[in-house]
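Right, one structure below, let's go through it.
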Number of protein chains: 4
Amino acid sequence: MKIDRLQAFSDGVFAILLTLLVLDFKLPNYKIGHLGQAVIAQWPILAAYMLSFFYVGTLWLFHHDYFAKIKRTNWQLNILNLILLFAITLINYPTSLLSEAVAQRNLADIRFAFTSYALVVLVISGLFWVLYRFMAVHQDLMIHQEQHEQFYRAIRNDPLRSVLIYVIALVGIQFNVVVGALLILLGNIFHFIAYLRLSRNIEKHHLIE
Amino acid sequence: MKIDRLQAFSDGVFAILLTLLVLDFKLPNYKIGHLGQAVIAQWPILAAYMLSFFYVGTLWLFHHDYFAKIKRTNWQLNILNLILLFAITLINYPTSLLSEAVAQRNLADIRFAFTSYALVVLVISGLFWVLYRFMAVHQDLMIHQEQHEQFYRAIRNDPLRSVLIYVIALVGIQFNVVVGALLILLGNIFHFIAYLRLSRNIEKHHLIE
Amino acid sequence: MKIDRLQAFSDGVFAILLTLLVLDFKLPNYKIGHLGQAVIAQWPILAAYMLSFFYVGTLWLFHHDYFAKIKRTNWQLNILNLILLFAITLINYPTSLLSEAVAQRNLADIRFAFTSYALVVLVISGLFWVLYRFMAVHQDLMIHQEQHEQFYRAIRNDPLRSVLIYVIALVGIQFNVVVGALLILLGNIFHFIAYLRLSRNIEKHHLIE
Amino acid sequence: MKIDRLQAFSDGVFAILLTLLVLDFKLPNYKIGHLGQAVIAQWPILAAYMLSFFYVGTLWLFHHDYFAKIKRTNWQLNILNLILLFAITLINYPTSLLSEAVAQRNLADIRFAFTSYALVVLVISGLFWVLYRFMAVHQDLMIHQEQHEQFYRAIRNDPLRSVLIYVIALVGIQFNVVVGALLILLGNIFHFIAYLRLSRNIEKHHLIE
């Protein structure tokens with residue numbers, strides 16, 4: 001089957017998820033005349049929003065570049081994509097937990113919020129690894145399959161690296177929330193660097209016209 | 001008329017519905033420092049979310065594969081599709097009822113929630129049966145219409161089978177909620193198997209390039 | 001400019017608006033063990049939802065068929081389309097007012113809700129009339145422009161007829177809410193019939209391949 | 001890489017953002033039988049909704065026309081587009097603040113709301129300037145690159161003009177809220193005029209078929 005409806009549907013889910021994240025910004029309870037202070041005290045919402053917006057945005061970039069290499073889909077890929085989208089939509093909730101817990105400044109709650117965030121991004125990275133493996137096995141679905149091996153070799157461990165970072169973050173959070181939070185941020189930044197590697201790799205091999 | 005805007009519009013509705021389901025995850029009332037327990041007590045939301053996400057996801061897969069066989073649309077199909085989308089969007093509400101009722105652990109409420117869930121999925125399966133019948137009659141709208149009879153024969157009773165399972169579930173819920181719930185789950189799993197049958201059938205007959 | 005991004009963007013707005021309407025279904029306040037009665041008492045939400053879903057759905061069908069006749073867009077059409085989408089998204093709010101007012105059974109509130117509903121649909125029909133006029137003047141944007149006059153003559157007064165029905169409804173509501181409500185329903189049904197006329201007209205003139 | 005998925009994804013974000021804005025219309029607290037007065041007292045919501053709907057709508061028109069000139073994308077443009085969409089989704093929140101503050105009629109709160117609104121639109125205009133600069137440098141991504149210089153020269157300062165208006169508005173708000181608000185409105189109207197200039201420029205140079 002053709003790949004374009006799968007792309008359009010996935011684009012839809014990504015676009016909606018990104019935009020729904022903005023609904024976390026809710027009018028605070030405030031004393032009339034002091035809206036400013038109340039809004040500024042909501043900075044954790046903005047911080048959590050930025051973290052998740054650029055994380056999900058990077059996932060979209062990955063999805064965009066990766067599926068540009070695929071020419072056909074089959075039922076296994078359809079289902080794998082659906083499971084991946086499921087895990088990605090979940091990020092909405094830990095994002096809310098995070099902004100709430102940080103605003104309330106309770107250490108136990110912040111730890112729990114970061115732990116649930118780390119768990120979701122860990123699962124997403126794991127599923128990307130499954131997707132990469134699937135592609136390695138089903139080269140007949142790819143454009144320019146003769147160059148796929150070479151292309152794949154350079155990037156195939158990126159999802160595992162990202163899983164590793166999040167596992168360390170998950171453990172780290174239990175001991176020191178700040179270190180754990182920085183590790184999650186590092187994981188997200190690593191995602192972004194991995195995207196640049198993927199993107200340049202595709203351009204170098206002229207895999208897409 | 002061409003089929004592509006109908007597909008794009010339906011993809012949009014499916015994508016949004018799937019993503020809106022995640023809004024059911026709302027910050028619980030919690031004692032500061034005990035966010036973790038409060039969130040974990042929300043497991044029925046996650047369970048209901050997974051049930052409906054993969055149910056709606058499977059419906060999208062069906063829609064995707066089925067409409068890939070159609071080359072043109074007319075006003076009857078446009079309207080049939082609109083009624084189908086209407087019924088599918090309704091699933092959002094019983095999903096909320098289900099997670100609320102299970103969280104409150106009241107048997108009468110759980111029974112009501114499962115009953116309303118079963119009713120909506122029953123109507124959806126019934127409408128898919130109408131869609132299958134419509135296609136059987138309007139073979140001029142299809143790609144490769146000469147092979148359609150053969151393709152259709154193998155799958156035409158799948159929606160009726162699914163209606164039957166949900167009718168049994170609907171009756172079962174009134175006597176035993178657990179049995180009824182399992183029957184609904186069975187119905188959703190059957191959907192998924194029916195999708196695999198449809199998908200392989202299409203690939204076997206090379207109905208789509 | 002090409003018309004396809006305008007269509008895709010409009011499809012997006014329609015799909016989202018249809019799906020957002022479902023958010024009106026909110027968990028009612030209920031006595032544990034009596035969820036059923038509380039949900040059944042929400043029937044006005046279902047009624048208002050159905051009214052607006054099929055109204056917006058019919059508008060989409062119109063938009064779909066009408067823009068299938070257009071081959072190019074320009075800035076005037078872009079802006080006209082944007083104003084039309086603005087008016088259509090507004091329907092969300094009177095729909096909420098309607099289900100609330102009917103549930104509370106207060107005559108003055110019901111009258112206000114129906115009045116605001118009638119005002120919004122009146123504006124939408126008026127804008128569709130502007131759209132029809134625009135098309136009559138800018139035949140160079142159309143596919144098969146030589147047949148456009150003939151096609152246009154048959155349908156050009158449909159939006160005005162619909163405006164007329166809603167004006168009568170608007171007056172009627174002030175005297176008798178039930179009669180006014182039936183007139184709004186009649187207006188929506190007329191929309192649907194007008195769509196069928198448009199659709200058959202297009203098929204008869206083979207205006208779209 | 002091809003540009004179409006980037007366009008489709010951006011269209012999705014724009015369409016969802018426009019439609020989510022309507023969620024600001026929430027049922028007011030009202031005395032039964034006085035729904036009308038309560039709704040009419042919500043006029044600031046409608047005013048803020050119109051301001052933001054047509055602002056975001058104009059941004060979409062810009063995006064639509066500008067990306068119609070681009071034939072390929074690369075990772076820099078992907079990321080730039082993502083940052084732009086991020087800033088645009090933020091507009092949702094100052095819109096809510098604005099309608100709340102105006103409804104409560106507190107001068108300090110209104111000033112804060114307008115200030116945050118002006119800051120967000122200022123950032124958006126600044127990012128459009130970066131986008132214009134990017135295009136001037138990467139003419140190889142454009143359709144009809146030989147005419148690009150001539151096309152670009154006429155419009156390249158429009159985002160800067162718009163930044164300037166918003167900076168003046170930002171300062172003005174601190175002294176006189178009404179003047180500041182009018183300057184923001186003027187900025188949005190200037191956007192619209194700048195769009196018309198861009199659109200006519202494209203048509204004049206026949207840059208898009």
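Here is how names work: the chains are called A, B, and so on, in the same order as the sequence lines, proteins then strands, and each is numbered from 1. Heavy-atom basis, side chains included; hydrogens, waters and symmetry copies ignored. Worth saying up front: this structure is predicted, and the values here are computed from it rather than measured.
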Checklist entry - Does any heavy atom of chain D fall under 4.5 Å from the side chain of I88(C), the backbone, both, or neither of them? => result neither
Next on the checklist: Under a plain distance cut-off of 3.5 Å, with no hydrogens placed, do Q42(D) and Y93(C) share a side-chain donor-acceptor pair?
Outcome noted: yes
Checklist entry - Do the non-hydrogen side-chain atoms of F54(D) and I83(C) ever get within less than 4.5 Å of each other? => result yes
Checklist entry - Between N78(C) and L61(D), what is the shortest heavy-atom contact and its length? => result CB-CD2, 3.4 Å
Item to check | Atom of W75(C), atom of S199(D) and distance for their closest heavy-atom approach | outcome: CB-OG, 3.5 Å
Checklist outcome for this item: Among Y49(D), F67(D), F14(D), the residue with the most heavy-atom pairs under 4.5 Å to chain C is Y49(D)
Checklist outcome for this item: Under 4.5 Å to a heavy atom of chain C? For L21(D) that would be neither
Checklist entry - Any idea which heavy atoms bring H64(D) and R5(C) closest together, and the distance? => result CA-NH1, 3.2 Å
Item to check | Reported CG-to-CG distance for the pair D4(C) and D11(D), which is rounded to 0.5 angstrom | outcome: 9.5 Å
Item to check | Least distance between heavy atoms, A15(D) atom then G12(C) atom | outcome: CB-C, 3.9 Å
Item to check | Closest approach of D109(C) to H34(D) (non-hydrogen atoms, all atoms of both residues) | outcome: OD1-N, 3.2 Å
Item to check | Residue L82(C) versus chain D: region with a heavy atom under 4.5 Å | outcome: both
Item to check | Nearest atoms (heavy-atom pairs only) where G33(D) meets A108(C) | outcome: O-CB, 3.9 Å
Next on the checklist: Rounded at 0.5 Å granularity, tell me how far CH2 in W60(D) sits from CG in L85(C).
Outcome noted: 8.5 Å
Checklist entry - Among L20(D), T58(D), L18(D), L196(D), which has the most heavy-atom pairs under 4.5 Å with chain C? => result L196(D)
Checklist outcome for this item: Separation between CZ (F25(D)) and OG1 (T95(C)), nearest 0.5 Å, reads 12.5 Å
Next on the checklist: Quick check on the interface: out of N106(C), L107(C), L6(C), who has the most heavy-atom pairs with chain D under 4.5 Å?
Outcome noted: N106(C)
Item to check | Side-chain touch L46(D)/L90(C), heavy atoms, less than 4.5 angstrom | outcome: yes
Item to check | CD on E100(C) to CD1 on I32(D), rounded to 0.5 Å | outcome: 6.5 Å
Item to check | Nearest-0.5 Å distance, CG of residue L23(D) to CG of residue L23(C) | outcome: 6.5 Å
